[in-house]
Protein chains: 2
Amino acid sequence: MISKFFFPKTIAIIGATADQKKFGNAVTMNILENESLESEVFLVSHGSKEICGISTYESILDVDNDIEIALILVPAKHVESVIDDCIQKKVKGIIIVTAGFGEINQKGKELEKKIALKCRSAGIRVMGPNCVGIINRDINLNASFIQMPPKGHISMISQSGSFGCACFYKMENHNFGISKFVNLGNKIDISFGDILPFFTRDKKTEIIAIYMEEIIEGRKFLEIIREVNQKKPIVILKGGKTKKGREAASSHTGSIATNYKLLNTAIHQAGVILCENISEFINALKSLSLLPIPNNKRLAILTNSGGTSVLFSDNAEKLDLTFAEFSEELKKKLSPHLISLVKIVNPLDMIAGAGETQYYEITKALLDDKDIDIVIGACVIPPFLGMNSIEHYRGMIRAWNESNRKKPLIPLMLFSENFEELLYYAYENDAPIFFTPYEAAYAAKVLIKRSEIINRKK
Amino acid sequence: MISKFFFPKTIAIIGATADQKKFGNAVTMNILENESLESEVFLVSHGSKEICGISTYESILDVDNDIEIALILVPAKHVESVIDDCIQKKVKGIIIVTAGFGEINQKGKELEKKIALKCRSAGIRVMGPNCVGIINRDINLNASFIQMPPKGHISMISQSGSFGCACFYKMENHNFGISKFVNLGNKIDISFGDILPFFTRDKKTEIIAIYMEEIIEGRKFLEIIREVNQKKPIVILKGGKTKKGREAASSHTGSIATNYKLLNTAIHQAGVILCENISEFINALKSLSLLPIPNNKRLAILTNSGGTSVLFSDNAEKLDLTFAEFSEELKKKLSPHLISLVKIVNPLDMIAGAGETQYYEITKALLDDKDIDIVIGACVIPPFLGMNSIEHYRGMIRAWNESNRKKPLIPLMLFSENFEELLYYAYENDAPIFFTPYEAAYAAKVLIKRSEIINRKK
């Protein structure tokens, strides 16, 4: 049944409007704008007779066709009567976008219960209320009032719509993206436990991302994620970890307290990636989207900046990463490409003069080495000796491509966020860039954690 | 004496060259390119008779004028004899840019000792070797091979040149910058203890930034920073905090171990800002550069995104921040500007429809309130209702300007790094943007820490 929400044959937008200052318009336009969408769309409106040349209906009951999914956008006080219509119409699923329920007061909570009960009796599944809607990027369905995300392999469940919106901004700049997105809102019916099994079966979903502020039935949730995580990696960010955070969450989605410490331990034991903050969350998703899973955990680091090598090493130790031992054979192979000032150790500081050739040759040799599983290519873009700002990165990516990207290459280009040519080169090559030592170390950690799950299954 | 390094009347570049593939050329060009530089420059070169139309000298001894500062860029094996010339010439200070000394082997360490001893006997102060050089942005002196940083109020001592280089990239994008910069390299003579008192006296220096991989004479260093920090805020990042980090540092600058735990405690007790990583370092410097110091520590938060409010609150508790209580009077003042769905609490979630007017009016009321010391203006830029991507930020900055920027306003525009119009508006208004909940919470923490030092002195 959940799949109908993502692949609806027919959708009714109840509360569609031509008034551009209303959310009912935002959702309507987001759905209509995608010409390649194959779902049939019906608009139900009180105020607008026609929207974008499409005639509207006064009520869902006036529509002749069967309706699979009804999107509700009318003001909170009208929602119940619209739900009654939907029940009469025998829709399969309802998404209540409208806010102003359990998150604002007790009266709202009671109304939620009433609606939930009605729909359950009628065998209708409900998403929301107080949510931005649902997105299936694969079929160009944007049944939400936020923007269409870039296309990718992540399916995300978020208890905050704007959180999703912000993540999409970041994905846009980092060359990865979304398969499916759902914002659960106050979750009076559909919750994590309903969506997760669907994402597990869904062929386009390769990675599962969760932002949650509350978990009901923690034990059941943990069982599900443990099982799902065996098949597809799950990345979780929990909002409301602290007392202050929980207080804010209670005004946001009416959520109640969760014991974060217990949750933390249990999630980690399940081998799921639990992020400390939104930066780690994006970073984990980027790593899993753009890099292969290594066979093992031995890192090699090359750099042109001693400081970056020191800072990376500090972060590596903090995250308990393992540095590879360079064999004598490898050292002999590296030596001809390096100047005599360079000490051949791991991390390998090739010193400021190293350019594209050194980055290419050394990356290639390290990726080829059987005792190395992950290569960290660190660089501060040199503003001297006429060096091109993308040459170091280009050298590394060339070596990585020649190795068929079998091992992860983690390019750490310190604080190079504004080198447009570099970002474009990364985009063209479907390659990641990490901007700080912590990000690069964290990416390695995420990949290693995933490889442990895979190796355990073998 | 140290001031002569930053304000030299005469400079000799020993190892100047027209060969663009050499560091000697990079430094020469960086110095010559700034036409407004008033220092007189003399070029000493073996290979190039003329560089940029300026005749060179075979030796510093051929120069008629007195030389205050000699920059040495010749290969390591020639450095000692060039030093002998400098001693004979009675220069006041020497900067050895050349690498290949104590950081590579024991022989290099011995040579360093010999050079240090010679110079000390002659009363000449030495910076380096193995450093990128020195920058005084205020007089347009760039005696280094890295780029000129944006102008600002930070004076930085870095044990890594490329670290400085990367920080400048970041400052360029974040509207703050540098007064003076020095890379100490292997510090055979001049060290933190020499530069810090100079920065304390220097009028253009308002903030002191330190990246260090090693401290010799820890007790003396701590005494100095405790004293300096009473006058000007010091922000420190320590590289080589861990075993792996120290090993990397030892190949970088030949540094030896420091007990980080002890150092950590002592630095914190001194009220100095000790950052955990380079992101915090940049963030602390940005906060101190662009925001006023608050009188006290009570935070108010406004937002259009419940998720951001939850995530900010988690970070706030982690950093032990204090939320203000909204008085009944304030609530009455806020109420007319908010829709009925909004619960008037702190954090104040104005919900997704809030636009420029709400951001302006609420920010203004919060800044005006006597029980609020710091305002966090959080926003996820809405991609709906035809809202302009800078309107929320513009509303806040307008309110901040009208309050004469007496209290810190910390704008948290979640993941909005690629909204060019927004970044330009921030640049034009000399205003900061923070991009993640942690960054915003950390900025508040830094400002509060500084206010405690100031209040303690009162």
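Scope of the values below: all heavy atoms of this structure, side chains included, with no hydrogens, waters or symmetry mates. Below, read A as the first sequence line, B as the second, and so on, with proteins coming before strands; counting in each chain starts at 1.
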Most heavy-atom pairs under 4.5 angstrom with chain A, which of B:Ser313, B:Ser158, B:Gly100? B:Ser313
A:Lys343/B:Glu103 ion pair, N-O < 4.0 Å: no
Under 4.5 Å from any heavy atom of chain B, what part of A:Asn173 do you find: side chain, backbone, both or neither? side chain
So which heavy atom on A:Phe23 is nearest to which on B:Gly353, and how close? CZ-N, 4.1 Å
How many angstroms lie between atom CG of A:Asn277 and atom CG of B:Asp314, to the nearest 0.5 angstrom? 10.5 Å
Minimal heavy-atom distance between B:Ile278 and A:Pro437, with the atoms involved, is CG2-CD, 3.8 Å
Gap separating the NZ atom of A:Lys318 from the NZ atom of B:Lys244, nearest 0.5 angstrom: 14.5 Å
Heavy-atom pair with the smallest gap, counting every atom of A:Phe384 and B:Ala26: CB-CB, 4.1 Å
Residue A:Lys243 versus chain B: region with a heavy atom under 4.5 Å: both
Per-residue contact mode, A:Phe168 against chain B (heavy atom under 4.5 angstrom): neither
Output the distance between atom CZ (B:Phe415) and atom CD (A:Glu172), rounded to the nearest 0.5 Å. 14.0 Å
Kindly state whether the ring of A:Tyr169 and the ring of B:Phe419 have centres lying under 6.0 angstrom apart. yes
I'd like to know which of A:Leu311, A:Val27, A:Thr242 tops the heavy-atom pair count under 4.5 Å against chain B. A:Thr242
To the nearest 0.5 Å, what is the distance between CD1 (A:Ile351) and OG (B:Ser162)? 11.0 Å
Where does A:Glu276 contact chain B at under 4.5 Å (heavy atoms): side chain, backbone, both or neither? side chain
Could you look at B:Gln20 and say if it's the side chain, the backbone, both or neither that has a heavy atom under 4.5 Å from chain A? backbone
Gap between atom CG of B:Leu341 and atom CZ of A:Phe101 - 0.5 Å precision: 9.5 Å
Quick one: of A:Glu417, A:Met29, A:Glu439, who has the most non-hydrogen atom pairs under 4.5 Å with chain B? A:Glu417
Which pair of non-hydrogen atoms, one from B:Ser309 and one from A:Ala248, has the smallest distance, and what is that distance? OG-CB, 3.6 Å
Test side-chain contact (heavy atoms from CB on, under 4.5 Å) on B:Glu213 and A:Val310; report intermediate values, then the result. CA-CA 8 Å; B:Glu213 292 185 354; A:Val310 172; 3.4 Å; yes
Select, from A:Phe312, A:Phe163, A:Phe323, the one with the greatest count of heavy-atom pairs under 4.5 Å involving chain B. A:Phe323
Non-hydrogen atoms of B:Pro383 and A:Ile146 that approach each other most closely: CG-CA, 4.0 Å
Heavy atoms only, distances under 4.5 angstrom: which of A:Ala76, A:Gly245, A:Pro382 has the most pairs with chain B? Name it, please. A:Gly245
Given a strict heavy-atom distance threshold of 4.5 Å, which part of A:Ile282 is in contact with chain B: side chain, backbone, both, or neither? side chain
Let me know if B:Leu237 has heavy atoms under 4.5 Å from chain A in its side chain, its backbone, both or neither. side chain
Rounding to 0.5 Å, atoms CD (A:Glu280) and OH (B:Tyr438) come to a distance of 11.0 Å
Smallest separation among heavy atoms of B:Ala166 and A:Leu414, with atom names: CB-CD2, 3.5 Å
Region of A:Glu317 in contact with chain B, defined by heavy-atom distances below 4.5 Å: both
Picking from B:Ile381, B:Asn25, B:Thr308, B:Thr436, which has the most non-hydrogen pairs under 4.5 angstrom with chain A? B:Ile381
